[in-house]
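Numbered from 1 within each chain, the chains take letters A, B, ... in sequence-line order. Since the structure is predicted, the reported quantities are computational estimates derived from the model, not experimental observations. What's counted below: heavy atoms across the whole structure, side chains too, no hydrogens, waters or symmetry copies.
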Protein chains: 2
Amino acid sequence: MKRKIRQERESEIIEGFYQLAKEVGLENASIAKIGKHLDMPPSLIMHYFPSKDLLIQDLIRYILENYQLIYEPIIEHINVAGVLDVHALVERLFSREWNLLFDDGVFYSCYAMIFRDSSVRGAYKELHLALRKTLEDILNQDVDQAQKNTRQLAEQIFVVVEGAYYYLAMIDDEREYQEKLNFFKKQVLDLLESEVDADMRK
Amino acid sequence: MKRKIRQERESEIIEGFYQLAKEVGLENASIAKIGKHLDMPPSLIMHYFPSKDLLIQDLIRYILENYQLIYEPIIEHINVAGVLDVHALVERLFSREWNLLFDDGVFYSCYAMIFRDSSVRGAYKELHLALRKTLEDILNQDVDQAQKNTRQLAEQIFVVVEGAYYYLAMIDDEREYQEKLNFFKKQVLDLLESEVDADMRK
DNA sequence: TTATATTGAATGAATATTCAATAAATATTT
DNA sequence: AAATATTTATTGAATATTCATTCAATATAA
């Protein structure tokens, strides 16, 4: 049972790191501060993560795992109802719960690392490919959508979703936020409800 | 002429800061390192920028100013030809020259600050509004586009552009990059070439 | 002569990391 | 099952380095 303590401590540290980074920013989340935050000597953190690089690597893994959870209710619904609820999908893609699953500030701080660290870049790319692939699979389970080029459709949708999140983060005013949000939702809905034309076909 | 020295030194420092941040990452660009990079004592940097916060603020201003330059050739062309070259616009929006105007790594590192610094958030929002507004103005100068709801169109286009840049940064392979790039260009082109329908009208 | 520019040395606080010592859990031998 | 040996977990103190910032002194320009 020696493995258990290690695993528990490791995820305790990663979660504490993430929570602290959320509060003070990734660049200000030092090992000493993580220790204080968790009431744990810094040397113990170093025991489990011999360098800060490893800590950051695992933080990124942790964030990207959380990111995936967005689909759960959609997949559940399609399994029960047998048909895709397009509106529910759009709602979920733009749900604020997604914002609860992970913090945008930490997420973009880590994202900024892709420009100088190829392993971070690889991890991020893998995540985004997986997000697209899962959406494609979901679309393929629906009679109407399956007629279209679902891979392309999934890509088009995600470009809008990602562009939207990027932009929405700048908006303070709640009314304006809702306005823009509805606008983006409609943009995705238009993609989903488009007819099957020549270059949409599989 | 005392003003001149100050101005010159200030922009020398900001540019040096930017260049260094490009190389080693924003979080690693310390005042001492900027000094070494510019062959200048750190105390001189502190003389012109009494705190690092001010330095970062000006760096952001500097980056955002560069960002605007993207439109120059488009505006020039429309002033000469009197009509908008849609394809040239799309090419420019996705031109790699944009990547030369500023560094994505530094840009996103600064962007990540919007989540904890409202003045950075404000500056970024202002930039993005300006980018949309300029595009709207450009569209309004064209006979065909002016019939549409150009504000909405500009927003739709930028969501795709921003989502695209976000995604493209993860791609290493040149072939794959070009493929995706063409895909994104087409997505924008479809928006620009769409007919004027009910909710597209002004 | 007065304001600004520039220098180099010094500050204390914070940084990641190391180390030796102890405590606790697990494995091995009686 | 008890006793011993051996890994692992945990602690606190210490390391050298880097950090932003301050200061007094000097040089240069207005």
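Atom CG in B/D39 sits about 19 Å away from atom P in C/dA5, given to the nearest Å. Distance, B/E10 CD to C/dT4 C1': 13 Å, rounded to whole Å. Following rounding to the nearest Å, B/K36 (NZ) and D/dT17 (P) show an atom-to-atom distance of 13 Å. Rounded to an integer number of Å, the gap from CD1 of B/I5 to C1' of D/dT28 is 8 Å. Whole-Å rounding puts the B/I45 CD1 to D/dT21 C1' distance at 12 Å. Look at CE on A/M46: it is 6 Å from P on C/dT18, rounded to the nearest Å. Rounded to an integer number of Å, the gap from A/E27 CD to C/dA16 C1' is 17 Å. In this structure, the CD atom of B/E8 is 11 Å from the P atom of C/dA5, given to the nearest Å.
For the OP1/OP2 pair of D/dT18 and a distance below 4.0 Å, the side-chain nitrogens and oxygens of B/S30 include no atom meeting the criterion. The side chain of A/K33 contributes an N or O atom lying less than 4.0 Å from OP1 or OP2 of C/dT15. In terms of phosphate contacts, A/R9 brings a side-chain nitrogen or oxygen within less than 4.0 Å of OP1 or OP2 of D/dT10. A close approach under 4.0 Å does not occur between any side-chain nitrogen or oxygen of B/S43 and OP1 or OP2 of C/dG8. In this model, the phosphate group of C/dT4 is not approached by any side-chain N or O of B/Y48 to a distance below 4.0 Å at OP1 or OP2.
Under the 4.0 Å criterion applied to side-chain N and carboxylate O atoms, B/R132 and B/E136 are not assigned as salt-bridge partners. With salt bridges taken as basic N to acidic carboxylate O contacts below 4.0 Å, none links B/R61 and B/E65. Between B/R116 and A/E23 there is no salt bridge, since no side-chain N of the basic residue sits under 4.0 Å from a carboxylate O of the acidic one.
Residues A/N28 and A/P50 both approach DNA chain C. Their nearest nucleotides, taken by heavy-atom distance, put A/N28 toward the 5′ side.
Distances were taken from every side-chain heavy atom of A/L44 (C-beta onward) to each of C/dA5, D/dC19, D/dA9; the shortest belongs to D/dA9. Nearest to the side-chain atoms of B/H47 among the listed nucleotides C/dA5, C/dT18, D/dG12 stands C/dA5. Nearest nucleotide to the side chain of A/A32, out of D/dA9, C/dA5, C/dT15: C/dT15.
Aromatic pair B/Y111/A/Y166: ring centres closer than 6.0 Å.
Remark: the A/K148 side chain and the A/Q145 side chain contain an N/O donor-acceptor pair separated by less than 3.5 Å.
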